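Hydrogens, waters and symmetry mates are skipped; everything else that's a heavy atom, side chains included, is used. All values derive from a computational prediction rather than experimental measurement. Labels below follow one simple rule: chain letters A, B, ... track the order of the sequence lines, proteins then strands, and each chain is numbered from 1.
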Amino acid sequence: MASSAPASVRVRFAPSPTGHLHVGGARTALFNWLFARHHRGTFILRIEDTDRSRSTEEHIGAILDALRWLGLDWDEGPPAPGYRQTERLDLYRDHAERLRAAGRAYYCDCPPELLEAQRKAAEARKETFRYSGRCRDRGLTAGALRLRIPDEGLTVVHDLINGPVAFDHRQLDDWILLRSDGTPTYNFCVVVDDVTMRISHVIRGNDHLSNTPKQILCYEALGYAPPEFAHVSMILGPDRHRLSKRHGATAVEAFRDQGVLPEAMVNYLARLGWSHGDQEIFTREELVALFDIKDVSPSAAVFDHTKLLWLSQEYLKRMDGPTLAERLEPYLARAGLAVPGDRAWLGRVADTLKERAHTLTEMIEAGRFYFERPTRYDPAAAQKLFTGESAARLDRLIRRLEALPEFTAPALEALFREQAAALGVKLVDLAQPIRLAVTGRTASPPLFEVLALLGREETLARLRAARAALEARR
RNA sequence: GGCCCCAUCGUCUAGAGGCCCAGGACACGGCCCUCUCAAGGCUGAAACACGGGUUCGAAUCCCGUUGGGGCCA
């Protein structure tokens, strides 16, 4: 079987630090990581920063942060030296020289205008443009260095996801290894890096499949056996075009800022293109145990934000209070709210909120009233619920609450039910005005739990404030 | 334009010739539960792109068309 892994699995994720970590890149990283962990291999992080004009330190930092947030730890890579292409320039030069000395590569001084004319001519003839080979035997000692590609034959990529893909050499041209200024090209760097890092499996985006035969020919010219390849499909936007910023949030850190749980992000990304029967929710351990590159689908997938949010809520619901409290704290601070000193209390608050929110930030919005008094009451609701009748009821309730021996949810519920019965109204008619008074809204976690968590003093303060507001309306 | 990849409900997918007049999940509708909102339970609608083959039999294999994506740029 082509998918059986060799003794030593070494895979890499090689982002270009020209932007943030994209969900597509994150999924590629995840698949590499899962493959490495499943086979007890090595996961390597390499920074492809040869495009100096667009690569920045900030982007490198952001990408590393995003990977850490997802829990994708790497065994080799930054901050250790030698994992950035800009640190490896000598390696590319050495390998290029080897190819030249062996006659597998040659210098070419064809001017751009000539190449452009040939490209246009090829297009007019409805053929693939292919370098003419004009400089192949001219014995030049300077210019761009090209790899000599056999005129005839076929190179077959035995892709672990897509199966065998054959490329006719007549469609391939003598591609450039080093530009005339001596800088290496992207495809050449990748080959040299993967060879020198002893990469066993190249798992990368489908957009590189077309480059693979060129690279395989380069491995062979260098005298190395090519690695295994697995090309993962693209992630698309709702319009079935390649996912990009105009589709909204695509950077991993944007989801982090939204308060999506990283566990959910990993689970979602794993299920995008990979599946294991009907199972939707996987622990990290299950993913490592079950992941098999041959179960990855070759077809492109549309990114579904809604399903990601659903998963995030699933993880929220399963998380216990103390853990949630810890996760919530940085988001509270960012929302401009004081982080409560009592973490146990915050945990109980979170428990009432978690099935009402998809993300940590939604949780904070839904539970804002726990942390600060309502600054206003929902106007339509106030119109309907703050009536002359409710003023009298409020007074009565305030007195009863002052006297309630135990300020707990069950005791509060018993009191409210008793009051409703005495007044001959439904519980909802009593609960809603109080909910509005205490939270400023008509929807909240169960009222009695809310009151108990707020405590007697705070509850009474809010009820009195509502009573005053009610008076002012008249 | 050439070459390459892809094609099951709106979306993610199960399906590796008979188990499928196609299963699960998200989203959507209905009902139940209920102090609100959720969550939950039950339930409904919803797909094998099209056309040819191969075969006793095809969502599954082959060819073509169409559509989408990628690379060359």
Item to complete: Could you encode protein contacts along nucleotides 41-48 of chain B as a string, one character per nucleotide from 5' to 3', using B for base contact, S for sugar-phosphate-only contact and - for no contact, with a heavy-atom cut-off of under 4.0 Å?
Response: --------
Worksheet entry | Heavy-atom protein contacts under 4.0 Å, nucleotides 4-20 of chain B, coded B base, S sugar-phosphate only, - none | SSSS---SBSS------
Using whole Å, what does the distance between atom [atom2] of nucleotide [N] and atom [atom1] of [X] come to?
X	N	atom1	atom2	answer
A/Leu243	B/G69	CG	P	14 Å
A/Lys214	B/G70	NZ	C1'	14 Å
A/Asn267	B/C26	CG	C1'	13 Å
A/Arg119	B/G2	CZ	P	17 Å
A/Glu362	B/A39	CD	C1'	14 Å
A/Lys126	B/G1	NZ	P	7 Å
A/Glu116	B/C72	CD	C1'	12 Å
A/His358	B/C26	NE2	P	11 Å

Span that lies between the [atom1] atom of [M] and that of [N], in whole angstrom:
N	M	atom1	answer
B/G10	B/A49	C1'	15 Å
B/A27	B/G69	C1'	25 Å
B/C5	B/C42	P	44 Å
B/A47	B/U11	C1'	12 Å
B/G29	B/C20	C1'	26 Å
B/A39	B/C21	C1'	36 Å
B/G15	B/U8	P	14 Å
B/A16	B/A58	C1'	13 Å

Worksheet item: Reckon A/Arg242 touches a base, only the sugar-phosphate, or nothing at all at heavy-atom distances under 4.0 Å?
Response: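 If one applies the 4.0 Å heavy-atom cut-off, A/Arg242 turns out to touch the sugar-phosphate alone, with no base involved.
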Worksheet item: When all nucleic acid strands are considered with a 4.0 Å heavy-atom cut-off, which category describes A/Lys317: base, sugar-phosphate, or nothing?
Response: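 Sugar-phosphate only.
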Worksheet item: Is the number of heavy atoms from other residues, nucleotides or ligands under 6.0 Å of A/Glu372 CD greater than 12?
Response: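 Counting other residues, nucleotides and ligands, CD of A/Glu372 exceeds 12 neighbours.
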Discussion item. Is it the case that atom NE2 in A/His276 sees more than 12 heavy atoms from other parts of the structure closer than 6.0 Å?
Written reply: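 For A/His276, atom NE2 is not crowded (no more than 12 foreign heavy atoms under 6.0 Å).
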Discussion item. Before we go on, tell me: are the rings of A/Phe303 and A/His22 under 6.0 Å apart, centre to centre?
Written reply: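 When the ring centroids of A/Phe303 and A/His22 are compared, they turn out to be at least 6.0 Å apart.
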Contact between [X] and [Y] at the side-chain level, heavy atoms closer than 4.5 Å - yes or no?
X	Y	value
A/Leu346	A/Leu332	yes
A/Leu360	A/Leu316	yes
A/Arg327	A/Met319	yes
A/Asp194	A/Tyr219	yes
A/Val260	A/Tyr268	no

Worksheet item: With respect to the phosphate group of B/G69, does any side-chain polar atom (N or O) of A/His241 fall under 4.0 Å of OP1 or OP2?
Response: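 For B/G69, OP1 or OP2 has a side-chain N or O of A/His241 closer than 4.0 Å.
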Fill in: side-chain hydrogen bond (donor to acceptor under 3.5 Å, both in side chains) between A/His231 and A/Asp159, intermediate numbers included
CA-CA 7 Å; A/His231 287 90; A/Asp159 193 274; 2.7 Å; yes
Fill in: Charged tip of A/Arg146 within 45° of A/Tyr131 ring normal and under 6.0 Å
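Here A/Arg146 passes the 6.0 Å and 45° test against A/Tyr131.
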Worksheet item: Side-chain donor-acceptor pair under 3.5 Å between A/Asp174 and A/Tyr106, yes or no?
Response: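 Indeed, the side chains of A/Asp174 and A/Tyr106 share at least one donor-acceptor pair under 3.5 Å.
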Worksheet entry | Any donor-acceptor N or O pair under 3.5 Å, side chains A/Thr128, A/Gln171 |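 Note: A/Thr128 and A/Gln171 side chains meet the donor-acceptor criterion.
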Taking any strand in view, what nucleotide pairs with [N] in a Watson-Crick or G-U wobble way, both distances under 3.5 Å?
N	result
B/C71	B/G2
B/C31	B/G41
B/A7	B/U66
B/C19	none
B/G57	none
B/A46	none

Short heteroatom pairs, N/O only, protein and nucleotides 59-65 of chain B, under 3.5 Å:
none

Fill in: CA sep, side-chain torsions, deciding dist, call: A/Arg242, A/Asp207, salt bridge (Lys or Arg N to Asp or Glu O under 4.0 Å)
CA-CA 11 Å; A/Arg242 191 188 191 139; A/Asp207 46 342; 3.1 Å; yes
Practice prompt. Can you sort out the partners of A/Thr185 under side-chain contact (heavy atoms from CB on, under 4.5 Å), two or more places apart, ordered by chain and number?
Written response: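 So A/Thr185 forms a side-chain contact (heavy atoms from CB on, under 4.5 Å) with A/Trp175, A/Ile176, A/Arg179, A/Phe188.
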Worksheet entry | Under the salt bridge (charged side-chain N to carboxylate O under 4.0 Å, His left out) test, residues paired with A/Glu116 that sit two or more places apart |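 So A/Glu116 forms a salt bridge (charged side-chain N to carboxylate O under 4.0 Å, His left out) with A/Arg119, A/Lys120.
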Discussion item. If the test is side chain to side chain contact (heavy atoms under 4.5 Å, CB included), which one of A/Asp395, A/Leu394, A/Leu451 qualifies with A/Leu463?
Written reply: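 Going through A/Asp395, A/Leu394, A/Leu451 one by one, the side chain to side chain contact (heavy atoms under 4.5 Å, CB included) with A/Leu463 is satisfied by A/Leu394 alone.
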Item to complete: Let me know, please, whether A/Thr306 or A/Asp207 comes out on the 5' side of the other along RNA chain B by nearest nucleotide.
Response: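 Nearest-nucleotide comparison on RNA chain B picks A/Thr306.
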With 3.5 Å as the limit, what N/O pairs link the protein to nucleotides 31-38 of chain B?
from: B/C35; atom 1: OP1; to: A/Arg417; atom 2: NH2; distance (Å): 2.7
from: B/C35; atom 1: O2; to: A/Arg435; atom 2: NH2; distance (Å): 2.5
from: B/C35; atom 1: N3; to: A/Leu447; atom 2: N; distance (Å): 3.3
from: B/U36; atom 1: O4'; to: A/Gln432; atom 2: OE1; distance (Å): 3.4
from: B/U36; atom 1: O2'; to: A/Thr442; atom 2: O; distance (Å): 2.8
from: B/U36; atom 1: N1; to: A/Arg435; atom 2: NH2; distance (Å): 3.2
from: B/U36; atom 1: O2; to: A/Arg435; atom 2: NH1; distance (Å): 3.4
from: B/U36; atom 1: O2; to: A/Ser444; atom 2: N; distance (Å): 2.7
from: B/U36; atom 1: O2; to: A/Ser444; atom 2: O; distance (Å): 3.0
from: B/U36; atom 1: N3; to: A/Arg435; atom 2: NH1; distance (Å): 3.2
from: B/U36; atom 1: N3; to: A/Ser444; atom 2: O; distance (Å): 2.5
from: B/U36; atom 1: O4; to: A/Pro446; atom 2: N; distance (Å): 3.2
from: B/C37; atom 1: O2; to: A/Arg356; atom 2: NE; distance (Å): 2.5
from: B/C37; atom 1: N3; to: A/Arg356; atom 2: NE; distance (Å): 3.4
from: B/C37; atom 1: N3; to: A/Arg356; atom 2: NH2; distance (Å): 2.8
from: B/A38; atom 1: O2'; to: A/Glu355; atom 2: O; distance (Å): 2.2
from: B/A38; atom 1: N3; to: A/Glu355; atom 2: OE2; distance (Å): 3.3

